[in-house]
Amino acid sequence: MINAVRGTKDILPSEIPLWYFVEKTLHNVSNLFGFKEIRTPIFERTEVFLRSIGSETDIVNKEMYTFLDRGGDSITLRPEMTASVVRAIIQNNLLAENSILRLWYYGPLFRYERPQKGRLRQFHQYGAELIGSPEPEADVEIILLAKEIVERLGILNYKLLLNSIGNRTSRQRYKQELISYFEKYANSLSNDSQERLRKNPLRILDSKDERDLEIIKNCPKIYDYFDKESLEHYNKTKELLALNHIEFQETPHLVRGLDYYTHTVFEFQSPILGAQDSFGGGGRYNELFTEFGFKKEVAATGFALGIERILLILESQQKTLPNGSPLVYIAFNKPEFISKVFETAYFLRKHDIPTLFDVQKKSLKAQMKEANKYGVKFVIIFGDDEINNNTITIKDMKKSEQTTYPFEKGIEIILNSKSANEDN
RNA sequence: GCGAGCUUAGCUCAGUUGGGAGAGCAUCAGAUUGUGGCUCUGAGGGUCACGGGUUCGAGCCCCGUAGCUCGCCCCA
């Protein structure tokens, strides 16, 4: 037996209704906020991600699906989408005609990691980017969009964590202070954190190690190193969130894993997800466009949601949706009646009536069983009597009642029942 | 990259000092020969992950391999 590769999975028919529900919600809310969809290729030149994500991040160092194509170019399956979107904006010159862009995206991403609960090698994200505004209003609009989706999906017991990591100069100053602080305790830090001290000291703040936590408790606070711009941006953001009655938890140690963030960062968490409790997150990335070599700075802010993690949450909340049933099953008695069956099915389908019938030469009884299993509303029965008299027997499966009509009349009844059935 | 646990029928699992491979659900077929759901009867389906070893004998003990799951790192 050949299995799907590690960390990938099939989305089976029984799961599709929930996916549709989530996708429909994403479309609707994006639309409500005036965001337009953008679709980019699922692979890019490796350079796109090297520039944006940060060369010291784990994503770049050990998680990318990178290969040389037949032309010798280094190609990478996208591990996130913001970089692709920025590349597409620049390449297509989308900022020439708009000073601001409201974009959303949805699709599969790839990261080479050990799979575990809520973590796959191919997974899906929805994301939205508000590009062209440095104002806190934009950050808040993004958070409002995220929250509206989360609420409409019916996710319970989630938390919104908020922090700011300031602008570049503030962060540089803070980073220096952090390094000199942690160096004093370098020998007491966990191995992971000693590594972080070299590569990305900010991430020590996010450690779960108990020894680290003890040391982190008294470390310098980032807010003390903010310059005027950073402080004002952060305060204004919090103020606007309060204005919108958004509850959040200020989390000074919230540091996200991608290097391109500035100022606002935030994360949505759910307790049911276990070790990976974050199902969405984002923040501001004012420096990403210049990283790409764009001629001027473009302020931007955005977020992404992990679809599989959202589905885990919804499943834990027993959220299920019915799989749509065909309306009509045509059962018949003798193989030679098949021409009548095809003819009737053709007509009904032309009139948008979902119709199916047996293609295994099953007994009438077995056909009824199958009809029942599919949950159809009506079974049309063609037996000897119906064929000989040009009639049609319609059985209402719910009421368990059946009536024989002249053929034309019976068909009319089916057509008329469609509108009444449409709300499921 | 590191650590732990699991792997018996399509699915969920039971298998008690190592000696008969089982249940429920699902599937299929019957229960006055045109008709589903409930009930009853019956049937099919397993090299007990794979490969070695110990033993008269292994699903059960030992070693190895693979797969899955969970955790660390990191992230959605």
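Note on naming: letters A, B, ... go to the chains in the order of the sequence lines (proteins, then strands), and numbering restarts at 1 for each one.
Qualifying ring-ring contact (aromatic ring centres under 6.0 Å, His included) partners for His233(A), counting only residues two or more places apart in sequence or in other chains: His263(A). With sequence neighbours excluded, the residues forming a salt bridge (Lys or Arg N to Asp or Glu O under 4.0 Å) with Glu148(A) are Arg152(A), listed by chain and number. With sequence neighbours excluded, the residues forming a side chain to side chain contact (heavy atoms under 4.5 Å, CB included) with Glu80(A) are Ser52(A), Ile53(A), Thr82(A), Ala83(A), Arg111(A), Leu258(A), Tyr260(A), listed by chain and number. The salt bridge (Lys or Arg N to Asp or Glu O under 4.0 Å) check on Glu177(A) picks up nothing, with sequence neighbours excluded. In this structure Phe294(A) satisfies the ring-ring contact (aromatic ring centres under 6.0 Å, His included) test together with Phe289(A), sequence neighbours excluded. Residues satisfying the ring-ring contact (aromatic ring centres under 6.0 Å, His included) test with Phe382(A), not counting sequence neighbours, are none. Phe226(A) pairs by the ring-ring contact (aromatic ring centres under 6.0 Å, His included) definition with Tyr223(A), not counting sequence neighbours.
Among the atoms of the strands shown, only primed sugar atoms or phosphate atoms (P, OP1, OP2) are found under 4.0 Å from some heavy atom of Gly306(A). Heavy atoms of Leu120(A) sit under 4.0 angstrom from at least one base atom.
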Listing time: all N or O pairs from protein to nucleotides 35-43 of chain B that are below 3.5 Å?
unit_1	atom_1	unit_2	atom_2	d
rU35(B)	O2	Lys395(A)	NZ	3.0
rU35(B)	O2	Gln402(A)	OE1	3.1
rU35(B)	N3	Gln402(A)	OE1	2.6
rU35(B)	N3	Gln402(A)	NE2	3.1
rU35(B)	O4	Gln402(A)	NE2	2.5
rG36(B)	OP1	Lys365(A)	NZ	3.1
rG36(B)	O2'	Asn372(A)	ND2	3.4
rG36(B)	N7	Lys395(A)	NZ	3.1
rG36(B)	O6	Ser400(A)	OG	2.3
rG36(B)	N1	Met397(A)	O	2.6
rG36(B)	N2	Asn372(A)	OD1	2.7
rG36(B)	N2	Met397(A)	O	3.2
rG36(B)	N3	Asn372(A)	OD1	3.1
rG37(B)	O4'	Asn372(A)	ND2	3.3
rG37(B)	O6	Ser400(A)	OG	2.3

Tabulated below should be each protein N or O lying under 3.5 Å from an N or O of nucleotides 67-69 of chain B; please produce it.
unit_1	atom_1	unit_2	atom_2	d
rG67(B)	OP2	Arg6(A)	NH2	3.4
rC68(B)	OP2	Arg6(A)	NH1	3.0

Distances under 3.5 Å between protein N/O atoms and the N/O atoms of nucleotides 6-12 of chain B, please, pair by pair.
none

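Within the structure, ring-ring contact (aromatic ring centres under 6.0 Å, His included) pairs that include any residue of residues 307-342 of chain A comprise Phe342(A)-Phe357(A) (at least two apart or interchain). Sorted by first and then second residue, the ring-ring contact (aromatic ring centres under 6.0 Å, His included) pairs involving residues 185-212 of chain A (not counting sequence neighbours) are Tyr181(A)-Tyr185(A).
Counting heavy atoms of neighbouring residues, nucleotides and ligands inside a 6.0 Å radius, atom NZ of Lys409(A) does not exceed 12 of them.
Between His27(A) and Trp104(A), the angle of the ring planes lies from 30° to 60°, which puts this pair in the tilted group.
Pair assignment for rG20(B): none, as no Watson-Crick or G-U wobble contacts are both less than 3.5 Å. In this structure, rC50(B) forms a base pair with rG64(B), meeting either the Watson-Crick or the G-U wobble geometry with both donor-acceptor distances under 3.5 Å. As the counterpart of rG42(B), rC28(B) is assigned, both hydrogen-bonding distances of the Watson-Crick or G-U wobble pattern falling under 3.5 Å. The pairing partner recorded for rC74(B) is none, the criterion being a Watson-Crick or G-U wobble arrangement whose two distances lie under 3.5 angstrom. The pairing partner recorded for rG34(B) is none, the criterion being a Watson-Crick or G-U wobble arrangement whose two distances lie under 3.5 angstrom. Nucleotide rU69(B) forms a Watson-Crick or G-U wobble pair with rA4(B), both donor-acceptor distances falling under 3.5 Å.
Nucleotides rA23(B) and rG19(B), compared at atom C1', are 22 Å apart to the nearest Å.
Among the nucleotides rG34(B), rA76(B), rG71(B), the one closest to any side-chain atom of Glu113(A) is rA76(B).
Within 3.5 Å, no donor on the side chain of Gln269(A) pairs with an acceptor on the base of rA76(B), nor the reverse.
For the pair Arg119(A) and rG71(B), the criterion of a side-chain N or O lying under 4.0 Å from OP1 or OP2 is not met.
Counting to the nearest Å, the C1' atom of rA76(B) and the CG atom of Leu273(A) are 9 Å from each other.
Under the 3.5 Å distance criterion, the side-chain polar atoms of Arg309(A) are matched with a main-chain donor or acceptor of Ser278(A).
With centres under 5.5 Å and a plane angle under 30° as the test, the ring of Phe279(A) is not stacked against the base of rA76(B).
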